[in-house]
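We count residues from 1, following the sequence as given. Note that ligands are numbered from 1 as they come in the structure, with each ligand's atoms numbered from 1 the same way.
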Amino acid sequence: MKSKICLTGIKPTGTPHLGNYIGSIKPALSLAKKENHQSFYFIADYHALINNHDKSMLEEQIYEVAASWLALGLDSEKTTLYQQSDIPEILELNWILSCFAGKGLLNRAHAYKAATDKNKQSHKDCDSGVSMGLFCYPVLMAADILFISSDIVPVGADQVQHIEIARDIAQTFNHTYGETLSIPESFVQKEAALVPGLDGRKMSKSYNNHIPLFLPEKKLRKLIMKIPTDSTPPETPKDPEQSNVFKLYQTLANPNQLNEQREKYQNGISWGEAKQELYELINKDLAPARERYADLMNNKKIIREILREGAERVRPKAQNLLQEVKERIGLKLK
Ligand code: TRP
């Protein structure tokens, strides 16, 4: 059976939080472990350039995100991890694909729409502050995906529209020149929406309600102890389903732990104790990764080496596809 090519892009925006881990990193890592799956996970640094113009921050965030995924279990032998900007063929393909992407299609892409809606609301020119990078980014994403004939693209629900755009562009191309580009499918992880933040809303950096993954133990404990709870006395039975502390516990616990915890809530548990148990669960799960993360961040050479090897593995594939595309469109003179 032909193996499935599974690809995803990771925008370097700093150390991930627990919501990212449960919602996207864990499922993507287990997908990579499946038989008959070849995985290619890359740092989408050109995408980051759309809104990060701080040189040292960008550089640091590329290291952070690579170190995080490696620390959390990405096996760089099995999964090819690379930096998008190391594969210049993606940008060549980006241009070619942009000639097959309707402008109307991109007008409707949600990042651009959100920016223009916001401008309109504040009575500004609708394109105020919008760069061509922001406008065209779905095309770059299509190039990221199509250059390697991806079958499956694990993404968050907010990215599904972009996979649809990539499919649309690939179909238009194939329609004109014959079957050349594989049509990718998105693979959406539903758990992402279920991870609550410290305040009960969806965990997100922009709400500042997140639990950073590699906080030192003491800070992690302090953060968890600050989760707001009501003043129900310790011995009063509590409904686990109504508790944010329990919902967070649920994201990492196995079925046995979950049952035990549920009983404790029903029999009465103090919030302090419930939070302590949550802290212990998270801490136990993350301690080994935290150590690996620190080691990698202290040995950045290892990270550079892994990314370089990844690029070496993936680049010939990009060159092959680009060659074929150029032949198809009539740029290779014979
Ligand atoms: N746009 C994605 C995000 O913001 C990251 C990304 C870039 C990506 N290129 C991709 C994801 C290709 C999947 C496939 O999360």
Original post:
For ligand 1, does Ile163 get within less than 4.0 Å through its side chain, its backbone, both, or neither, judged by non-hydrogen atoms?
Top reply: neither
Original post:
Do other residues, nucleotides or ligands put more than 12 heavy atoms under 6.0 Å from Lys300 NZ?
Top reply: yes
Original post:
Going by distance alone, is a donor N or O of one side chain under 3.5 Å from an acceptor N or O of the other, for Tyr112 and Asp127?
Top reply: yes
Original post:
Which atoms of ligand 1 have any heavy atom of Lys11 under 4.0 Å away?
Top reply: 4 (O)
Original post:
Using heavy atoms and a threshold below 4.0 Å, how should the contact between Val155 and ligand 1 be classified: side chain, backbone, both, or neither?
Top reply: side chain
Original post:
At a non-hydrogen distance cut-off of under 4.0 Å, which region of Phe40 contacts ligand 1 (side chain, backbone, both, or neither)?
Top reply: neither
**OP:** May I ask you to identify, for Gln159, whether its side chain, its backbone, both or neither come under 4.0 Å of ligand 1 on a heavy-atom basis?
**Re:** side chain
Original post:
For the residue pair Tyr265 and Phe246, is the inter-centroid distance of their aromatic rings smaller than 6.0 Å?
Top reply: yes
Subject >> Sub-4.0 Å atoms of ligand 1 with respect to non-hydrogen atoms of Tyr137 >> reply: 1 (N)
Original post:
Side chains of Asp285 and Tyr21: donor-acceptor distance under 3.5 Å anywhere?
Top reply: yes
Subject >> Leu140 and ligand 1 - part of the residue with a heavy-atom distance under 4.0 Å >> reply: neither
Subject >> Under 4.0 Å to a heavy atom of Asp144 - the qualifying atoms of ligand 1, by number >> reply: 7 (C), 9 (N), 10 (C), 12 (C)
**OP:** With heavy atoms of Val153 as the reference, note each atom of ligand 1 found under 4.0 Å away.
**Re:** 13 (C), 14 (C)
Original post:
What atoms in ligand 1 come closer than 4.0 Å to a heavy atom of His47?
Top reply: 7 (C), 9 (N)
